[in-house]
Amino acid sequence: MCGIVGYAGPKDCVDILLDTLSKLEYRGYDSAGIAVFDDGDIKVVKHQGKLAYLIELLKKEGRPRGNVGIGHTRWATHGEPSDINSHPQSGKRVSIVHNGIIENYAQIKEFLIDKGYTFESQTDTETVAKLLDYYYDGDDPLNTVSRALRDIRGSYALGIIFKDYPDKIYAVRKDSPLIVGVGKGENYIASDMTALLEYTRQYILLEENEIAAISAGTISIRNIYGDPVDKQVLTADWDADAAQKGGYEHFMLKEIHEQPTAIKTTIMPRVSDGMVDFSECGLDDKKLSSYKNIYIVACGTAMHAGVVGKYVIEQLARTKVIVDMASEFRYRNPLIEKGDLVILISQSGETADTKEALNISKRLGADTLALVNVKGSSIARDADMVMYTHAGPEISVASTKAFTVQISMMYMFAFKLAYAKGLIDTDTYKDYVAKLIGIPDKIEAALDESYVSQAQHAASNVTAAQSLLYIGRGFDYALSMEGSLKLKEISYIHSEAYAAGELKHGPIALISQDTPVIAVATQRSLYEKTLSNIKEVKARGAKVILICSDGFAVKDDEADYVVRTPDYDEFLMPIIASVPLQLIAYYTSVLKGIDVDKPRNLAKSVTVE
Ligand code: M6R
């Protein structure tokens, strides 16, 4: 949710803090701030709003000079976005940056007020800064940090500096990500590796409640009892360009265009002799076919990938699949047991609800499989089995390439399971895999040819709408949900997705000439049915944008605008047809002048409940 960085080395740390913060702004952009050791003191500068305002302020009022400091970009939880609530938050001898939520901050605050402390912000973070101050006795700050941690309940990643230790940064995490970047004569902390790719690719993953102390030339990591912990230095395999816009106006557009490569990179290493190979996580045919039920648990776009997965797996492999929103799953006492498989899908691997769903599933005795994009993330580490999607860093808040690689993996899973259960023969199996392999080229060609202009045209037809509906049947209903989420999060236009057959049971009352309808119809077997629903909404004045395959006949009075997808095996169409839905949302956002990559109120990685 929030982004944390820290630098200790020989260079001017303000430049590095601002640059690395710019890479983390997708995690939150309500305010930004830095704290730097300058001439024997800690100098804090912070400002409400995007990082650009902080940069302006530093230009106007002068910047601190120093080689060690911490920085923060905020997604507000406790306290509105304001200068005062921005991080760093400070006590007399300590400044901190924080990602997460301190659940018992009110009690801690009360305790500290009793001890004579005063508070100026509404944040939970300030209580941690003052608590550290309270426990600090001038001795080793590590003791102070571990003492304070015993009082704190909740989730946190913390970057901490103590006035008396001007060469050091302390870092600790629980339920929120934080890594230590390992440089040559300089070291870093960061919420995630994308911030540091230009500086180093070596990093150390901090485990829960390990406390790191870094300076330019040293890194020491201890557990909460003060014992040293040996850590492995890992190497990131994403290159620095992957986290740049590379000539595109927005990350979202770049990431949409990266989908053919992302899909290839994800599926090809898992194809062997024309069949699916999941040996990387020990999921062989025997084990796979032994599961009674499959649960897919995730949030947002990842959950929609699960819905596509349900349709695909149930249709082809005839195993029951239950899809759950992680935020509901965790509180509904799910009927999971030994012998079930729970698949957790997450781009970031840090989503708080999905993480808790994983914990619950493990406690209930199910096998857990994480389908995750970020290597070494919490969900990837905690699940029994992990399969990585290889989409590269996804920076834009709106998830695009993560979705198409997730659904590609759902297909691989279904093919393998169907074969393992003896439901398809070898030729059919290989034919499906070959068709999946053919998809990236289809998307690539469509992106080069007509997808962009068609989506721009469609977007110009919805920009003025206050509200619109997405409709579809089967796979197309799953895609409608994702299209609708994408549109609402980056264009601020209200939209809902309905199963087309459900319209008559209520939602059709919403239709008027001011409510455009985006109808998704990629399944030939359901096309006639969806056309009937389209007629019903048109009869009530709605303008219809129809997304359908190239070969489908559409009469003039059946749609106001038609977006054509390439013709392909309809069973695999969801991967191909996701792309125009993403592009329509993107161009609507652009036409409305919205900051596409950083839509209001959102953050990329939701590490708090
Ligand atoms: O990192 P995750 O895949 O776990 O994130 C899940 C959702 O927060 C995410 O997909 C969100 O819905 C996106 N903003 C959608 O574009």
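One-based numbering, in listed order, for ligands and for the atoms of each. Side chains included, hydrogens not; waters and symmetry mates left out as well; all remaining heavy atoms used. Since the model is a prediction, treat every value here as computed from it, not as a measurement.
In this structure, Glu356 pairs ionically with Arg363, as a charged nitrogen and a carboxylate oxygen lie closer than 4.0 Å. Between Glu249 and Lys245 there is no salt bridge, since none of the side-chain N atoms of the basic residue sits less than 4.0 Å from a carboxylate O of the acidic one. A salt bridge does not link Glu328 to Arg332: none of the charged nitrogens lies less than 4.0 Å from a carboxylate oxygen.
Ring geometry, Tyr188 versus Tyr199: the interplanar angle falls from 30° to 60°, so the pair is classed tilted.
The shortest heavy-atom distance from Thr354 to ligand 1 is not under 4.0 Å.
Ligand 1 places these atoms under 4.0 Å from at least one heavy atom of Gln347: 1 (O), 2 (P), 3 (O), 4 (O). Listed by atom number, the atoms of ligand 1 under 4.0 Å from Thr301 heavy atoms are 10 (O), 12 (O), 15 (C), 16 (O). Residue Ala302 has at least one heavy-atom neighbour below 4.0 Å for each of these atoms of ligand 1: 3 (O), 10 (O). Which parts of ligand 1 touch Lys486 is read off a 4.0 Å heavy-atom cut-off, strictly below it: atoms 15 (C), 16 (O).
Under 4.0 Å from ligand 1, not a single heavy atom of Glu350 appears.
Checking Cys299, Gly300, Ala326 against atom 6 (C) of ligand 1, the nearest heavy atom belongs to Cys299. Of the listed options Ser348, Ala603, Gly349, Ala585, Ser348 places a heavy atom closest to atom 1 (O) of ligand 1.
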| task | Could you walk me through whether Tyr498 and Tyr470 pass the ring pair (Phe, Tyr, Trp, His ring centres under 6.0 Å) test, one step at a time? | result | CA-CA 6 Å; Tyr498 283 102; Tyr470 283 74; over 10 Å; no
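Residue pairs satisfying the ring-ring contact (aromatic ring centres under 6.0 Å, His included) criterion with at least one member in residues 377-411, sequence neighbours excluded, are listed as follows: Tyr411-Phe571.
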